[in-house]
Amino acid sequence: MTERIIQVDALARVEGEGALYVRMKGDTVEKVEFRIFEPPRFFEAFLEGRDALETPDITSRICGICPIAYIMGACQAIEMAWGLEVTPEIAALRRLIYCGEWIQSHTLHAVMLHAPDFLGLHDAIQIAQAQPDLVRQALRLKKLGNTIMEVVGGRAVHPVNTRIGGFYKAPDPEAIRAMIPELDWGAEAARALVLAFAKFDFPQDGTDYTFVSLVDRDRYPILQGRIGSNRGLDIDVTRFNDHFAETHVSHSNALQGRMRDGSAYLVGPLARYANNYDTLGPTVQATAREAGLGRVVTNPFQSILVRLIEVQYACEEAARLARAYVPPVPGHIDTPPRAGVGHGITEAPRGICYHRYETDADGRIMAAQIVPPTSQNQPQIEEDLTRVVTANRHLSDADLKCRCEQTIRNYDPCISCATHFLKLRVDRD
Amino acid sequence: MANPKLAVWKFSSCDGCQLTLLDCEDELLEIAGKLDIAQFLEASSAVTEGPYDISLVEGSITTPHDVKRIKEVRAQSRVLISIGACATAGGIQALRNFADVAAFANRVYARPEYIDTLATSTPISAHVAVDFELRGCPVSKHQLLELITATLAARKPHVPTTSQCTECKAAGTVCVMVAQGIPCLGPVTQAGCGNLCPSHGRGCYGCFGPKLNPNAPALSLQLADLGLTPPQLRDLYHSYNAAAPAFDTEGRTHD
């Protein structure tokens with residue numbers, strides 16, 4: 001039988017360094033590896049012995065695209081360990097800056113990194129030559145996300161104004177109010193992008209995913225809720241390690257997350273959407289309906305639409321929060337350190353991101369554990385690749401390679417995060 | 001005349017400095033009109049072969065493979081510019097330089113034998129000649145645009161090497177150390193972030209690395225007077241630019 005190998009040595013339009021290897025014998029896929037060769041950086045190791053107050057700033061350096069996810073997860077965990085509760089005003093301001101991260105990260109991925117696949121182009125610059133207005137709108141939307149991060153956090157990459165207990169300085173109400181007209185525009189612009197991208201020719205695909213996300217009955221989950229799934233999982237964030245485990249495989253510098261029974265699961269926009277559709281609100285749900293999406297989306301190629309639907313939600317939510325903004329006084333809550341264990345989970349743009357720390361009585365980190373979304377999605381990405389390669393084995397090697405890369409980009413994988421990620425090789429036998 | 005060819009390369013890093021280029025939303029399409037983006041894997045699947053007129057390099061060198069790769073990048077680049085604290089000083093991951101990396105691998109990975117890594121994280125300049133180093137964790141968007149503009153015009157970029165204190169004075173920010181007793185690395189840290197931390201009521205934590213000719217021992221005496229213990233002093237210097245010589249040395253004296 002002929003052996004067929006499909007291989008990508010350095011994936012483009014993903015954050016970080018990854019590769020893909022697929023080996024087929026006849027019509028059977030023998031091996032699929034989503035390889036992460038981004039070098040390891042050992043965050044959990046060098047955090048040990050550091051002052052817990054440093055954890056938000058240090059862990060933000062895991063990822064330049066989603067620093068807020070790390071900052072907020074670290075804050076929640078240390079605050080739990082030390083018995084600190086933030087005020088509703090601080091919690092609202094945290095939700096606002098997190099909306100900024102969703103807007104900039106999702107827009108970057110959907111329009112600049114993922115959309116070229118559906119248009120048969122190499123990058124957003126090529127899209128700009130054919131559809132300049134579309135790219136200008138997307139850049140304006142991305143800039144809006146960054147503006148929120150700058151106004152609340154001081155800068156867009158690795159913000160400085162966030163800390164354990166709250167914020168160094170409460171943002172000026174005038175500066176917060178000044179964002180409202182652009183946020184109202186942003187919600188409309190995101191809606192227009194969803195409806196434009198809904199006309200893409202999506203490959204037929206789908207499976208019965210295990211969707212895992214935070215679940216909250218009252219508000220679409222960003223910084224709050226229990227860990228839930230479409231298969232009845234409903235646990236407190238402190239029980240993450242009872243249900244999920246990370247394993248180390250030879251082809252990757254990232255640990256892979258699986259359920260304790262060994263099965264793969266999916267985190268990110270598709271999971272949040274399926275588990276929390278009711279709290280998206282009527283205007284966002286209307287956009288989803290007009291784009292032809294049901295309450296649950298199981299075609300991973302349509303994740304680009306769900307991501308942009310979340311951008312609409314984040315703009316609407318940020319506008320609500322900006323209108324209701326009351327500067328927190330004081331800007332942060334101080335508390336003496338104590339020996340303890342704390343857990344934090346927030347919805348990073350790519351899915352749940354888990355932190356667990358132990359501190360001693362002086363507030364030093366004794367143990368650290370960080371589980372980013374891309375680590376959790378890796379086994380599911382490999383299962384998706386096996387399914388997509390099997391269904392598309394009639395394609396030429398070049399076309400199959402493109403389809404595989406697109407399958408990976410469905411997850412907006414953040415390789416920098418996963419190592420705290422990929423090359424494609426397909427071997428056909 | 002053809003546009004100059006720009007390449008963007010990534011080594012060990014968080015992607016934040018490359019992202020800063022994509023964060024130039026108002027200028028990005030204009031830049032793309034004046035430069036041929038020949039290699040920028042994070043943003044484009046189109047790759048043009050070298051040589052390249054300008055290479056921007058993000059990240060530090062932490063694997064044997066990357067030691068070879070940076071030499072290949074240098075050989076193909078007319079101008080090579082390292083961007084960000086990882087590329088200019090080794091980054092936060094240079095904290096391994098003060099520890100046993102095998103113990104680190106054992107701590108994080110169940111199968112450390114799968115991990116191929118060097119004992120140190122080093123800046124690009126430790127391996128190849130670098131034409132300009134742009135500081136920051138992350139780099140400043142304004143400085144990055146100035147650097148690209150200056151390089152295209154073949155002039156020296158306006159990137160000050162003075163201390164963060166000069167940015168506080170220029171902005172009218174009251175000194176957080178003098179007025180509130182907040183420990184601050186501003187006197188020994190290079191300006192360029194835009195006066196961020198002090199203007200938010202916190203002390204500078206040195207993410208732009210040491211200024212030209214810093215007097216860190218004198219600052220450490222002041223910081224000790226404010227109550228910082230030797231381990232706190234060590235950790236203050238040993239963070240995002242831990243392996244920058246001035247911060248490396250001063251941190252070790254408090255170990």
Side-chain angles (χ1 to χ4, degrees), chain A residues 10-17 38-46 48 50-51 54 57-58 61-65 67 104 108 112-113 116 122-126 128 132 135-136 139-140 142-143 146 154-158 160-161 163 168-169 247-250 252-253 255 331 405 414 416 420, chain B residues 10-20 22-23 25-26 28-29 32 37 40-47 62-63 65-66 91-93 95-96 99 101 103-105 107-111 114-117 121 137-138 140-141 193-194 196-197 199-202 205 207 231-232 235 239-240:
Chain A
L11 283 168
R13 283 184 276 119
V14 295
E15 291 102 1
E17 298 181 279
E38 175 92 19
R41 296 199 289 149
F42 306 110
F43 273 84
E44 285 112 321
F46 61 65
E48 286 178 19
R50 303 285 297 208
D51 188 329
E54 289 186 287
D57 290 327
I58 290 179
R61 267 67 183 185
I62 291 173
C63 180
I65 297 116
Q104 65 85 12
L108 170 73
M112 303 180 76
L113 308 186
H122 282 301
D123 50 49
I125 305 293
Q126 286 188 340
V135 173
R136 274 196 209 100
L139 286 168
R140 182 174 163 189
K142 182 172 160 302
K143 186 181 179 181
N146 282 337
R155 66 181 165 195
V157 178
H158 308 322
V160 301
N161 193 30
R163 57 168 295 164
Y168 283 92
K169 183 181 167 186
T247 54
H248 192 191
V249 293
S250 63
S252 179
N253 284 343
L255 301 173
E405 290 186 72
C414 188
S416 305
H420 28 171
Chain B
K10 178 193 153 65
F11 291 84
S12 183
S13 66
C14 81
D15 285 50
C17 291
Q18 295 183 67
L19 181 67
T20 302
L22 296 175
D23 280 351
E25 292 95 355
D26 295 335
L28 192 62
L29 295 179
I37 300 177
F40 187 0
L41 211 53
E42 179 169 336
S44 176
S45 47
V47 172
T62 62
T63 67
H65 174 68
D66 283 351
I92 185 86
Q93 58 271 22
L95 288 176
R96 76 177 68 185
V101 76
F104 270 20
R107 165 68 191 80
V108 178
Y109 296 99
R111 303 290 298 270
Y114 295 163
I115 300 297
D116 186 17
T117 187
S121 170
C137 183
S140 142
K141 183 167 122 174
C193 66
L196 281 174
C197 286
S199 68
H200 285 84
R202 76 180 284 194
Y205 61 88
C207 72
Q232 287 175 317
D235 286 357
S239 66
Y240 312 95

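Chain letters run A, B, ... following the sequence lines, proteins first and then strands; every chain starts at 1.
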Pick one of side chain, backbone, both or neither for A/Gln126, based on which atoms fall under 4.5 Å of a heavy atom in chain B.
neither
Just do the side chain to side chain contact (heavy atoms under 4.5 Å, CB included) check on B/Thr117 and A/Phe42 with the steps written out, would you?
CA-CA 11 Å; B/Thr117 187; A/Phe42 306 110; 3.9 Å; yes
Could you go step by step and tell me if B/Ser199 and A/Lys169 meet the side chain to side chain contact (heavy atoms under 4.5 Å, CB included) rule?
CA-CA 9 Å; B/Ser199 68; A/Lys169 183 181 167 186; 5.6 Å; no
Closest-packed option against chain A by number of heavy-atom pairs under 4.5 Å, given B/Asp23, B/Leu19, B/Leu95:
B/Asp23
Return the option, out of B/Leu28, B/Leu29, B/Thr63, with the maximum number of heavy-atom pairs under 4.5 Å with chain A.
B/Leu29
Distance check, rounded to the nearest 0.5 Å: A/His158 atom NE2 versus B/Ile92 atom CD1?
10.0 Å
Minimum heavy-atom separation for B/Ala32 to A/Ile125, with atom names?
CB-CD1, 3.5 Å
Among B/Ala99, B/Gly91, B/Pro138, who wins on heavy-atom pairs under 4.5 Å with chain A?
B/Pro138
Under a 4.5 Å heavy-atom cut-off, does chain A meet the side chain of B/Ser239, its backbone, both or neither?
both
Chain A shares the most heavy-atom pairs under 4.5 Å, among B/Leu22, B/Leu196, B/Asp235, with B/Asp235
Among A/Ile58, A/Val135, A/Asp51, which residue has the highest count of heavy-atom pairs closer than 4.5 Å to chain B?
A/Ile58
Which distance, rounded to the nearest 0.5 Å, do you find between the NZ of B/Lys141 and the CG of A/Asn146?
7.0 Å
To the nearest 0.5 angstrom, please state how far the NE2 atom of A/His122 sits from the CD1 atom of B/Ile37.
13.5 Å
Is a side-chain donor or acceptor of A/Arg61 paired with a backbone partner of B/Cys137 at a separation under 3.5 angstrom?
yes
Quick one: ring pair (Phe, Tyr, Trp, His ring centres under 6.0 Å) partners of A/Tyr168, sequence neighbours excluded?
none
What residue among A/Lys142, A/Lys143, A/Arg136 forms salt bridge (Lys or Arg N to Asp or Glu O under 4.0 Å) with B/Asp26?
A/Lys143
Do B/Ser121 and A/Arg41 come within less than 4.5 Å of each other through their side chains, counting heavy atoms only?
no
Write down the atom of B/Glu25, the atom of A/Leu139, and the distance for their closest heavy-atom approach.
CG-O, 3.3 Å
Going from CG on A/Leu113 to CD on B/Glu42, what distance comes out if it is rounded to the nearest 0.5 angstrom?
7.0 Å
B/Phe11: which residues meet the ring pair (Phe, Tyr, Trp, His ring centres under 6.0 Å) condition with it, sequence neighbours left out?
none
